[in-house]
J.: 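Encoded as structure tokens, here's the structure I'll be asking about.
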There are 2 protein chains.
Amino acid sequence: MNPAAAASRRTASAALQTKDRILDAAEKLFSLYGFDAASVRMIAAAAKVNLAAINYHFQSKEALLLAVYERRVAPINARRVELLRSYLKGSVGRPLKSEPILEAFLRPAIEILDEAPHIPMLMVRTVYLQDRETFREIFDALFRPVSLEFFEALRLALPHLSGPQLFLRMQFFLGSFLQMMAARRAMEGLQGFPELPAPEEMMRQLIHYTAAGLRVRALESSK
Amino acid sequence: MNPAAAASRRTASAALQTKDRILDAAEKLFSLYGFDAASVRMIAAAAKVNLAAINYHFQSKEALLLAVYERRVAPINARRVELLRSYLKGSVGRPLKSEPILEAFLRPAIEILDEAPHIPMLMVRTVYLQDRETFREIFDALFRPVSLEFFEALRLALPHLSGPQLFLRMQFFLGSFLQMMAARRAMEGLQGFPELPAPEEMMRQLIHYTAAGLRVRALESSK
DNA sequence: GATCAACTCAAACGGACGTTTGTATGAACC
DNA sequence: GGTTCATACAAACGTCCGTTTGAGTTGATC
């Protein structure tokens, strides 16, 4: 609507180019340095646009971050749900095993690593650094539907776990996933650690490890 | 040395009171808002000290963060190693199982949750947000020795895993741990999620889950 | 009681920040 | 061909930042 109308007026790409360049630069710098440390001036310089262009196209720095999230996270989550549903369709009568469910969650995130290797840090920041109210709302809106759908799928795959028990183990899995995504960058420059495998291989290993952890019998409450 | 000399001169507690109040406030605000968003003025106000007192007692904001880390993280890691070694001594001839190793790592962190419930966020930020060179150095110095000792212990407990495979699974565990620590705060204010168990119970569940994941056979490389 | 170091405090420093303003530009429309 | 409107740009706005200054206060030491 708004961008389309704009595109029809001008060279049909000038403004879009600007907006996209801003989004690309913002994504990268927010990921690398965080929301506070990445200044609007840095972003403008990296995108090679005028400083005021950022507040013109997006209304504020916060809204820019929101736009970055929307553009990147929404497709990943859509892809996750799409994969999960196709796997569910594939396993006609019987409940799915946990492995394909985990893969449906992981693969879309793994796949963007090639085109945007800095994305993991953005995701980590999304999950952990929702300091401001705005950010918590973004997080909740983007991830809640996906979480619920995967929760229900895993419930069927793991009938030996109660709801709260499964939820806790999903938290453990989520942590492992984020750590896997962030580990490479967190370790860069540090000496003496083993090399990390390629993303696809790390994903296989994480699925294998997590499936074993999810499979193990429920631990009765203490006392 | 420096603080001791100071204490002997003045009321023997005035300056120390100030330094500790600054450290307490800084720890809390760094944890809650992050290094950038927590301003020196906020910290001074929270600690009820004069603004300049912070640059007087610590030389800079970065050095203050470093002091906060030192005070809190170093004891936790010392306790971890102490626990691990006592467990190793206890299991005379035979290699330790992985469960007590995990517990030795987790318990010291769990225990400070009561006196400083905001610490998990500080730890998460430590691990994930080492944007500045200074912070990476702190992290490396504080955690490397501990990591190595736990790595060696787990190596003996899990002889079916190669070094790189074990390292990767330790990353998964570390992620689960951080998520467990941060989950409560990350979820507060959000509706419709199951209640999280008490810290001690979460730790038990995490040990159970992780031991199963560590135990499972090694996955041969693909292709 | 003078000396001196440790400490507190109010005020100011220069700089970076996010945002706004006002003007210029240039294609699309009448 | 003049008007319109989305966009670009340079410059400035006020605010907050981390840090420094310099004068004051305190209490132990001799």
Side-chain angles (χ1 to χ4, degrees), chain A residues 1-26 29-30 32-68 131-135, chain B residues 1-26 29-30 32-68 131-135:
Chain A
M1 345 196 138
N2 211 2
S8 74
R9 292 213 160 260
R10 309 238 321 107
T11 12
S13 69
L16 283 182
Q17 248 187 46
T18 301
K19 280 191 85 159
D20 278 342
R21 283 216 309 280
I22 293 174
L23 282 171
D24 287 342
L29 294 172
F30 283 151
L32 290 177
Y33 305 113
F35 180 74
D36 289 315
S39 75
V40 175
R41 283 171 173 80
M42 285 169 60
I43 294 169
K48 295 180 182 173
V49 303
N50 184 271
L51 173 61
I54 291 182
N55 286 80
Y56 172 77
H57 285 288
F58 311 88
Q59 299 90 309
S60 69
K61 192 186 182 185
E62 282 209 3
L64 172 60
L65 179 70
L66 201 150
V68 167
D131 310 316
R132 302 158 195 245
E133 280 309 311
T134 326
F135 301 171
Chain B
M1 345 196 139
N2 212 3
S8 74
R9 294 214 159 258
R10 310 232 327 102
T11 9
S13 70
L16 284 182
Q17 248 188 44
T18 302
K19 279 191 87 161
D20 277 343
R21 283 217 310 279
I22 293 174
L23 282 171
D24 287 341
L29 293 173
F30 282 152
L32 289 177
Y33 303 114
F35 181 73
D36 289 316
S39 76
V40 175
R41 282 172 173 80
M42 285 170 61
I43 295 169
K48 294 179 182 173
V49 303
N50 184 272
L51 173 60
I54 291 181
N55 285 80
Y56 174 77
H57 285 287
F58 311 87
Q59 299 89 309
S60 68
K61 191 186 182 184
E62 282 209 2
L64 172 60
L65 179 71
L66 200 149
V68 168
D131 310 315
R132 302 161 195 241
E133 282 308 312
T134 326
F135 301 171

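Order of the sequence lines sets the chain letters (A, B, ...), proteins ahead of strands, with each chain counted from 1. Values reported hereafter were calculated over all heavy atoms of this structure, with side chains retained and with hydrogens, waters and symmetry mates removed.
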J.: Can you tell me how far CD1 of B/Ile22 sits from NE2 of B/His57, rounded to the nearest 0.5 angstrom?
T.: 5.5 Å
J.: Would you please confirm or rule out a distance under 4.0 Å between OP1 or OP2 of C/dT8 and any side-chain N or O of B/Thr18?
T.: yes
J.: So how far is it from B/Ile54 CD1 to B/Arg41 CZ, rounded to the nearest 0.5 Å?
T.: 10.0 Å
J.: Rounded to whole Å, how long is the line connecting atom CD of B/Gln59 with atom C1' of D/dT21?
T.: 17 Å
J.: Round to the nearest Å and state the distance from A/Leu64 atom CG to C/dT19 atom P.
T.: 10 Å
J.: Is the shortest heavy-atom distance from the side chain of A/Leu64 to the side chain of A/Ile43 under 4.5 Å?
T.: yes
J.: What is the distance, to the nearest angstrom, from the OH atom on A/Tyr33 to the P atom on C/dA16?
T.: 16 Å
J.: Do B/Phe58 and B/Leu23 come close enough that some side-chain heavy atom pair is under 4.5 Å?
T.: yes
J.: Could you tell me the separation between the CD1 atom of A/Ile54 and the P atom of C/dT21, rounded to a whole number of Å?
T.: 18 Å
J.: Can you tell me the distance, in whole Å, between the NZ atom of A/Lys48 and the C1' atom of D/dA8?
T.: 17 Å
J.: Counting side-chain heavy atoms from C-beta on, which of C/dT8, D/dA6, D/dT19 comes nearest to A/Tyr56?
T.: D/dA6
J.: Determine: side-chain N/O of B/His57 to OP1/OP2 of C/dA6, distance under 4.0 Å, yes or no.
T.: no
J.: What is the distance from CG of A/Asn50 to C1' of C/dT20, rounded to the nearest Å?
T.: 12 Å
J.: Indicate, with a heavy-atom threshold strictly under 4.0 Å, whether B/Leu51 touches base, sugar-phosphate, or nothing.
T.: base
J.: How close or far is atom P of D/dA12 from atom CZ of A/Arg41, stated in whole angstroms?
T.: 13 Å
J.: Tell me whether the guanidinium CZ or amine NZ of A/Lys61 lies under 6.0 angstrom from the six-membered ring centre of A/Phe30 and within 45° of its axis.
T.: no
J.: Just compare C/dT19, D/dT20, D/dA8 and give me whichever is closest to any side-chain atom of A/Asn55.
T.: C/dT19
J.: Looking at A/Ser39, does any N or O in its side chain come under 4.0 Å of the phosphate oxygens OP1/OP2 on C/dA16?
T.: no
J.: Report which part of the nucleic acid A/Ala52 touches: base, sugar-phosphate, or nothing (heavy-atom distance under 4.0 Å, all strands).
T.: base
J.: Check the distance between C/dT8's P and B/Gln17's CD and give it to me in whole angstrom.
T.: 10 Å
